[in-house]
Protein chains: 2
Amino acid sequence: MAGRLKQAGLKVTAPRIAALGALAGPGHRTAEAVFSAVTSELPKTSLQAVYGVLAALVDAGLARKIDPAGSPALYETRVGDNHHHRICLNCHAVEDVDCAVGESPCLTPSNMDGFAVQLAEVTFWGTCAACQAASTAAASA
Amino acid sequence: MAGRLKQAGLKVTAPRIAALGALAGPGHRTAEAVFSAVTSELPKTSLQAVYGVLAALVDAGLARKIDPAGSPALYETRVGDNHHHRICLNCHAVEDVDCAVGESPCLTPSNMDGFAVQLAEVTFWGTCAACQAASTAAASA
DNA sequence: ACAGTTGTTTTGAATAACTCAAAACAACTG
DNA sequence: CAGTTGTTTTGAGTTATTCAAAACAACTGT
């Protein structure tokens, strides 16, 4: 964990190690969730420090930030692959989606019209399986 | 304008007509921009009313809302086609991008894994032609 | 044209999620 | 171990938006 920070050119500090720990594993966490995880280990850590740490991690390429409309930003440590997200309009659950078609299906023309594309963000909005089940159950009740 | 509202099942009110007028034509407007346009015509209109109007228009399918990370939400009246956006990381300019590949390239599997996709949102982040020109000019100065 | 109903707008306030800045402090360098 | 650079704390502030209650206006049927 510390090594990863060092490699990225970041100073190794306790809040950063704790934040990386909190983000480890699959899934997506809000800044608030990372803050709770970090403070359970390092109670004096401030929320602002967590925002700073997360920004540093994103800058360094150790984390990725996604910012779904209408929800707080989420952070994940799955970086480097061109993967996307699907978000349930009902329960706001976020799940990863691999790029299915071809290699980088979404980055299509990397330069259209003089515009230099650096990142293509794809978000699928819809209804997750659980919420579909719940709503058909409610309808038939 | 009024007919469009009526067709959509909305009551025809002055703020709604003015807001539709403010959104007419190409481009994207913030709620604040719509508010200024509306108040120049109807000075007593409140900002909250504009938010209400915009929400109603989006609900009725007469407008579309996009919510770029780090900027206020934008509204446009180009609806019904599956078009996307490119946003300059530097100047935050937003432009429309037609779906280039195939018919609905981005809606790929409309049902993956039990997840019912209702909308695929694609955003290209990068540097617009103007900002590229400006930055190379600055570099060579 | 008019009263009633339903939905809209005003008014007033509140909130979530961040962001900014200055000072105290801690990691890494040599 | 001293110095430099970058991080974290402390404290405050902001933007974009939402909520709620009351006043009001558009459409419906007569």
Side-chain angles (χ1 to χ4, degrees), chain A residues 1-22 28-39 41-60 62-63 65-75 92 94, chain B residues 1-22 28-60 62-63 65-75 87 92 94:
Chain A
M1 217 107 253
R4 207 126 36 97
L5 289 167
K6 196 154 248 172
Q7 270 195 324
L10 294 175
K11 285 193 179 167
V12 177
T13 69
R16 287 180 176 175
I17 293 171
L20 267 185
H28 312 82
R29 317 276 140 72
T30 60
E32 204 67 45
V34 173
F35 174 63
S36 326
V38 169
T39 47
E41 223 181 295
L42 303 163
K44 357 181 62 175
T45 311
S46 67
L47 179 57
Q48 287 84 330
V50 171
Y51 276 108
V53 165
L54 290 171
L57 294 178
V58 170
D59 259 26
L62 294 177
K65 179 185 186 178
I66 63 176
D67 211 331
S71 309
L74 297 169
Y75 297 85
H92 302 115
V94 177
Chain B
M1 217 106 252
R4 205 121 44 91
L5 289 167
K6 196 154 249 171
Q7 269 195 325
L10 294 175
K11 284 193 181 167
V12 178
T13 68
R16 286 179 176 175
I17 293 171
L20 267 186
H28 313 81
R29 318 275 140 72
T30 60
E32 203 68 44
V34 174
F35 175 62
S36 325
V38 170
T39 46
S40 79
E41 224 181 294
L42 304 163
K44 355 180 66 173
T45 311
S46 68
L47 178 57
Q48 287 85 331
V50 170
Y51 275 106
V53 166
L54 289 171
L57 294 179
V58 169
D59 259 26
L62 295 178
K65 178 185 186 179
I66 63 176
D67 212 330
S71 309
L74 297 169
Y75 297 85
I87 308 183
H92 302 115
V94 178

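Values below: all heavy atoms of this structure, side chains included; hydrogens, waters and symmetry mates excluded. Each chain gets a letter, A, B and so on, in the order the sequences are listed, and its residues count up from 1.
Checked options B:Leu5, B:Leu42, B:Val38; the residue passing with B:Ile17 is B:Leu5 (criterion: side chain to side chain contact (heavy atoms under 4.5 Å, CB included)).
Of all nucleotides listed (D:dT8, C:dC28, D:dC27), D:dT8 comes nearest to the side chain of A:Pro15. Comparing C:dT19, C:dA13, D:dT9 by their closest approach to the side chain of A:Tyr51 singles out C:dT19. Here C:dC18 is the nucleotide among D:dT9, C:dC28, C:dC18 with the atom lying nearest to any side-chain atom of A:Pro72. Nearest nucleotide to the side chain of B:Ala31, out of C:dT9, D:dT8, D:dT17: D:dT17. Side chain of A:Val12, nearest nucleotide from C:dC28, C:dT11, C:dT8: C:dC28. Here the side chain of B:Leu10 is nearest to one of C:dT9, D:dT7, C:dT8, namely C:dT8. Distances were taken from every side-chain heavy atom of A:Asp67 (C-beta onward) to each of C:dC18, C:dT10, D:dT9; the shortest belongs to C:dC18.
Residue contacts shown for B:Thr13 are limited to sugar-phosphate atoms, with no base heavy atom under 4.0 Å away. Among the atoms of the strands shown, none is found under 4.0 Å from any heavy atom of A:Thr30. Among the protein residues, A:Leu47 comes within range of no part of the nucleic acid, since none of its heavy atoms lies under 4.0 Å from any strand. B:Ala73 comes within 4.0 angstrom of sugar-phosphate atoms only, judged by non-hydrogen atoms across all strands, and of no base.
The pairing partner recorded for C:dA27 is D:dT4, the criterion being a Watson-Crick or G-U wobble arrangement whose two distances lie under 3.5 angstrom. Base-pair partner of D:dA16: C:dT15 (Watson-Crick or G-U wobble, both distances under 3.5 Å). Using Watson-Crick or G-U wobble geometry with both donor-acceptor distances under 3.5 Å, C:dA21 finds its partner in D:dT10.
As rounded to whole Å, 10 Å separates atom P of D:dT17 from atom CG of B:Leu54. In this entry the distance linking NE2 of A:His92 with P of C:dA17 reads 12 Å, nearest Å. If you take CZ of B:Arg16 and C1' of D:dC27, they are 12 Å apart, rounded to a whole angstrom. Straight-line distance from the CG atom of A:Asp59 to the P atom of D:dT7: 10 Å, rounded to whole Å. Going from atom CD1 of B:Ile17 over to atom P of D:dC27 covers 9 Å, rounded to whole Å. What separates CD of A:Gln48 from P of C:dA22 is a distance of 16 Å, to the nearest Å. If you take CG of B:Leu42 and C1' of D:dC24, they are 15 Å apart, rounded to a whole angstrom. Here the C1' atom of nucleotide D:dT8 and the CG atom of A:Leu57 are 14 Å apart, to the nearest Å.
How far CG of A:Asp59 is from CG of A:Leu10: 8.5 Å, rounded to the nearest 0.5 Å. To the nearest 0.5 Å, atoms CZ (B:Arg4) and CG (B:Leu62) are separated by 6.5 Å. Distance check: A:Leu20 CG to A:Leu54 CG gives 9.5 Å after rounding to the nearest 0.5 Å. In this structure, A:His92 NE2 and A:Leu74 CG are separated by 11.0 Å, a value rounded to the nearest 0.5 Å.
Contact of the B:Phe35 side chain with the B:Glu32 side chain is registered, since non-hydrogen atoms from C-beta on lie closer than 4.5 Å.
The nearest heavy atom of DNA chain D to B:Ala14 and to A:Gly52 marks one nucleotide each, and the one closer to the 5' end goes with A:Gly52.
For A:Lys11 against D:dT5, a side-chain N or O and a base N or O form a donor-acceptor pair under 3.5 Å.
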